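All values derive from a computational prediction rather than experimental measurement. Chain A is the first sequence line, chain B the second, and so forth, proteins listed ahead of strands; every chain is numbered from 1.
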Amino acid sequence: MNIADKYEAVIGLEVHAQLQTNSKLFCGDSIAFGAAPNTHVSPITLGHPGTLPKTNKKAIEYAIKMGLACNCEIEKDNYFARKNYFYPDLPKGYQISQHTTPICKGGFVTITINGTEKNIQLNRIHLEEDAGKSIHDIYDDYTCIDLNRAGTPLIEIVTEPCLQSSEEAYQYVGELRRLVRWLNICDGNMEEGSLRCDANVSIRLKGEKKLGVKVEVKNLNSIRNIKKAIDVEIERMIHLAENGGIITQQTRSFDATNDTTFSILDKEEANDYRYFADPDLAPFHLTAPFIQKIQTSLPALPQQLSKKYQNELGLSEYDASQLCDEKSTSDYFQSTIQFTNNYKAVANWILGPIRNYLNEANASFETIALLPETLADLIKLIEDGKVNFSVASSKILPVLMKENKSPITIAQELNILQVSDTNELENWVNQAIASMPEKVNEYKKGKKGLIGLFVGEVKKLSKGKADPKIVTTLLEQKLNQS
Amino acid sequence: MFSFTSIKEYHSFLADHSDGCEVAVVHYLSAIEKNKHLNAFLEVYANEAIQRAKELDQQRKEGKPTGKLYGVIVALKDVIAYKEHHLSASSKILEGFTSIYHATAVEKLLAEGAIIIGRNNCDEFAMGSSNENSAFGIVRNGLDENKVPGGSSGGSAVAVQAGMCMISLGSDTGGSVRQPADYCGVVGLKPTYGRVSRYGLIAYASSFDQIGIFANNVDDAALCLEVISGQDNFDSTVSDKIVPEFSNEINRSSKKYRIAYFKEALEHPSLDPQISASIKAFFEILTKKGHSVEAIDFKLLEYVVPTYYILTTAEASSNLSRFDGIKYGYQSASKNADLTELYKQTRSQGFGDEVKRRIMLGSFVLSSGYYDAYFTRAQQVRKILSDQVNQVFSSYNIILSPTVPAPAFNIGEKSDDPIKMFLTDIYTVFANLVGIPAISIPLFKHSNGMPFGLQLMVSHFDEVSLLALSKEMMQYKQHSY
């Protein structure tokens with residue numbers, strides 16, 4: 001038995017998602033990423049004396065959206081508390097957060113592991129403001145502070161310690177990212193820090209009930225790194241345990257350049273944050289109709305849609321899940337199937353040539369020029385045998401992605417409509433047979449595979465316009481006659 | 001020779017004097033110069049004020065509309081943000097700091113034509129009852145220079161008392177406007193919590209703080225309140241209630257009020273017998289004028305000061321965290337200090353003793369081992385007080401009480417005993433604990449020559465009754481003495 005099999009991992013994740021509201025949680029400053037340092041800083045963000053916070057209602061709405069999407073209970077009576085601590089990128093000397101009353105309680109997020117569904121239980125989702133950024137690597141002697149980010153609304157999504165593997169963490173964070181994007185409340189960009197994850201990792205012998213000493217791993221700036229960091233951390237812990245070492249409570253950082261974690265804080269300092277309700281902000285009560293209104297406005301969620309696509313539209317699991325990867329893709333699919341019942345063809349087009357085209361053009365389904373009804377027309381054109389798929393995707397699609405024309409017009413203009421008129425086809429078939437007498441002999445002797453060669457020749461002669469099905473039938477008739 | 005009695009009279013003076021604003025400013029600048037030794041001003045905006053007066057005079061000549069506080073000369077307690085002017089809270093820790101925005105109240109004053117003449121000395125971060133806690137020296141009472149002017153808005157009280165401005169804005173967290181008004185013999189008004197935006201007021205205790213007004217008479221206070229009150233997008237604790245035209249409303253009312261007083265307050269052992277006697281005598285006048293005056297029980301009087309100090313210091317300990325030497329203000333110059341050391345040194349050197357005392361007290365009552373014993377219980381007492389006051393106001397319109405237990409004391413007399421100092425707040429903190437409006441009006445004179453006042457309190461947002469009865473009572477002043 002492998003040594004590692006003696007142990008099991010227990011993992012809890014804290015994910016911070018920046019809400020993409022227009023302005024900060026408690027003032028009107030923009031939250032746009034990438035601005036010159038300290039340009040989105042009003043006196044309120046700067047924590048100047050006399051300034052006061054005013055809550056951004058949109059942020060509350062977004063937090064509730066996420067809570068409802070994660071099956072949480074929404075707390076009706078809420079207040080913000082102050083978490084008091086000193087740090088240079090925390091302008092007020094306290095962070096406004098929700099301490100005892102998270103806006104969303106409990107809930108779960110469903111992931112699929114080896115084909116089996118598992119609910120990852122949530123402890124809470126709460127609202128808080130982000131801190132600014134301390135930048136240590138510009139000057140040797142100074143730390144630079146950029147307060148643009150200070151006050152950006154965040155939700156912190158906290159799981160119970162219920163994940164058992166790095167794969168589960170990988171799937172879970174992926175699902176969260178899809179959800180926040182789906183709900184359009186966060187861009188989910190881990191590199192820019194819009195979505196940040198800390199992992200609490202511990203190990204214990206299988207069968208043990210008590211939780212082991214946990215280590216918090218930070219600086220996980222991609223979903224892949226979350227998986228890697230957890231793996232190496234578990235490995236490190238098992239190695240320690242097996243070699244008589246002691247696992248101590250630590251905060252560790254993941255170094256992606258060599259796939260290791262290193263300690264940044266030994267045993268968390270006993271910090272007393274002296275939480276108390278922020279007297280500058282009145283408690284806020286959420287009414288049932290308000291929550292109901294948000295519930296009603298929620299879009300169908302990706303997991304529901306994926307099941308619907310499989311069960312009701314007969315799509316494969318792969319196609320369905322690919323379509324539900326991003327909301328804009330799914331929306332486009334939904335719009336297109338208003339105009340055609342050929343669901344499979346729509347899925348193929350979206351996941352094949354259209355997605356490839358968009359990827360190459362660095363574009364997306366949000367801004368796509370091709371109208372859903374036009375795509376449906378194009379599919380109809382193929383169904384009717386007027387063009388074939390490969391001509392449609394290589395010749396017609398590129399035009400349609402740029403201008404709004406009907407597919408048939410384009411096919412006519414490009415002179416690529418398939419010819420199914422038997423007289424015309426017979427001409428090409430006769431020419432082809434006449435041009436390759438030796439091959440005709442071989443065919444007649446039984447080398448039936450050569451039919452493809454003749455079809456290809458007709459295709460060439462017709463410049464691709466010949467309907468290959470009819471051509472094949474005609475060729476077979478002719479070759480078998482004489 | 002310019003003389004001031006009320007804004008109304010001043011405005012009729014302006015009607016006859018095309019350069020009246022400038023005349024007034026020149027007059028006040030010389031009064032400020034003459035009273036320099038009182039140390040009521042930290043900074044005087046002499047040139048600016050003259051410039052602004054000239055502009056206002058010019059605008060009048062051009063027939064442009066005039067505001068409610070046109071040409072009115074105002075001083076600001078140095079805890080109220082005035083854009084592009086120094087703001088220090090009388091503390092070293094804000095050394096060199098200039099506000100980059102206007103407090104909402106200041107914006108409203110300016111919009112109605114006020115002239116801001118300077119910023120007033122006060123207790124550091126509005127913490128104190130005698131104005132002896134300023135980093136820039138004590139303020140002296142204009143009526144007796146050996147006496148304190150009260151605090152924390154001592155400079156603002158003296159500025160009105162000694163005729164150095166027409167009205168001034170202070171802040172009142174536990175009596176910081178009413179108590180110095182009492183000591184200085186002027187009108188001191190603390191509006192309902194939420195009546196005036198706190199945006200731009202340096203926070204001491206956010207759920208208690210309210211900008212207040214010093215004036216020579218009730219009408220001026222009413223007019224100023226009318227201007228600075230009202231909804232504000234930058235303060236979510238300010239009320240969106242419609243602001244009455246106080247200056248008119250208080251003249252309309254000839255209502256007979258049901259007045260209550262707390263028995264325990266008038267029988268308190270710390271209360272000066274002359275104050276208690278004067279107030280009781282005044283009750284008779286009120287009864288004769290058709291009001292009813294009744295004693296009611298208030299068993300919780302002994303709890304108000306401890307409750308107040310627990311809750312305000314808790315909030316203060318957090319509110320003052322932003323003064324860390326990183327972004328603005330004073331920073332300890334010592335080299336090689338790590339971050340924690342930088343914070344420690346900056347704050348140890350930047351804050352005065354009283355401020356440090358309150359930050360430590362507040363941090364203590366919020367710390368995990370003591371939270372429930374102090375902070376939670378104090379909150380419970382506050383809730384009980386609120387319930388009780390609502391009950392009182394279901395039967396009465398007004399609560400009367402002394403403003404302070406004794407008139408202005410000598411400089412240095414209580415500075416070694418913080419508890420003694422805290423107890424001078426016994427009658428004033430109640431209004432802040434429950435958020436009701438209160439006023440101190442200068443009705444009386446002590447045999448030691450110092451003035452003292454009477455405090456009126458009404459239910460939330462009933463400043464009209466508060467001001468109307470105050471005005472009426474001021475008319476009886478001559479009759480009683």
Side-chain angles (χ1 to χ4, degrees), chain A residues 23 25-28 38 41-57 79-96 99-100 132 134 136 141-147 150 269-284, chain B residues 79-81 83 87-89 94 97 99-104 125 194 197-203 205-209 232-238 311 314-315 317-329 339-340 342-344 347 362-369 371 375-376 379:
Chain A
S23 54
L25 185 50
F26 297 111
C27 73
N38 298 307
V41 289
S42 62
I44 302 172
T45 292
L46 293 171
H48 271 211
T51 54
L52 297 169
K54 181 121 185 182
T55 310
N56 182 341
K57 292 210 178 79
Y79 67 85
F80 283 102
R82 292 185 184 177
K83 178 181 182 179
N84 294 286
Y85 67 97
F86 288 103
Y87 205 70
D89 58 24
L90 188 71
K92 298 186 294 297
Y94 56 83
Q95 179 196 28
I96 305 178
H99 173 48
T100 46
S134 294
H136 304 288
D141 297 341
Y142 296 96
T143 294
C144 295
I145 309 281
D146 178 5
L147 293 177
E269 264 181 68
N271 226 336
D272 186 351
Y273 291 115
R274 294 178 285 120
Y275 289 99
F276 71 104
D278 190 333
D280 287 330
L281 293 161
F284 59 101
Chain B
V79 288
I80 299 171
K83 192 174 177 174
L87 179 65
S88 82
L94 274 169
F97 180 75
S99 180
I100 58 172
Y101 72 102
H102 281 317
T104 301
F125 285 101
S197 169
R198 291 184 296 117
Y199 190 69
L201 168 65
I202 295 184
S206 312
S207 70
F208 292 76
D209 295 340
D232 182 13
N233 280 333
F234 290 96
D235 178 359
S236 48
T237 60
V238 81
L311 295 177
E315 291 184 13
S317 71
S318 171
N319 282 333
L320 270 60
S321 294
R322 66 189 60 197
F323 305 107
D324 59 2
I326 300 287
K327 308 167 291 288
Y328 46 74
L339 184 61
T340 309
L342 179 73
Y343 285 141
K344 281 185 184 168
R347 289 167 64 84
S363 304
F364 172 75
V365 300
L366 284 176
S367 61
S368 57
Y371 197 96
F375 188 69
T376 307
Q379 281 183 308

Would you call the rings of [X] and [Y] parallel, tilted or perpendicular, taking 30° and 60° as the class edges?
X      : Y      : answer
B:Y199 : B:Y101 : tilted
B:F125 : B:F323 : tilted
B:Y343 : A:F86  : tilted
A:Y273 : A:Y85  : perpendicular

At their closest point, which heavy atom of B:S206 faces which heavy atom of B:E315, and how far apart are they?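 Result for this residue pair: N-OE1, 2.7 Å.
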Shortest non-hydrogen contact from A:N38 toward A:L147: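 Smallest heavy-atom distance, with atoms named: OD1-N, 2.7 Å.
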Option that, when pairs with chain A are counted at under 4.5 Å, heavy atom only, ranks first among [options]:
options                        : result
B:G325, B:S368, B:S207, B:S318 : B:S318
B:L342, B:I326, B:V365         : B:I326
B:L320, B:L94, B:L339          : B:L339
B:D209, B:N319, B:I80, B:V79   : B:N319

Looking at B:K327, I want to see if its NZ is surrounded by more than 12 non-hydrogen atoms of other residues, nucleotides or ligands under 6.0 Å.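 Yes, enclosed.
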Heavy-atom distances under 4.5 Å only: say whether [X] touches chain A with side chain, backbone, both or neither.
X      : result
B:S363 : both
B:F208 : neither
B:A314 : backbone

Under a 4.5 Å heavy-atom cut-off, does chain B meet the side chain of A:D280, its backbone, both or neither?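 Contact with chain B: backbone and side chain both.
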Heavy-atom cut-off 4.5 Å, strictly under: side chain, backbone, both or neither for A:Y275 against chain B?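 Backbone of A:Y275 only, per the 4.5 Å heavy-atom cut-off to chain B.
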Count the heavy-atom pairs under 4.5 Å between each of A:G28, A:C27, A:G93 and chain B, then report the option with the highest count.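 Among the listed options, the one with the most contacts to chain B is A:G93.
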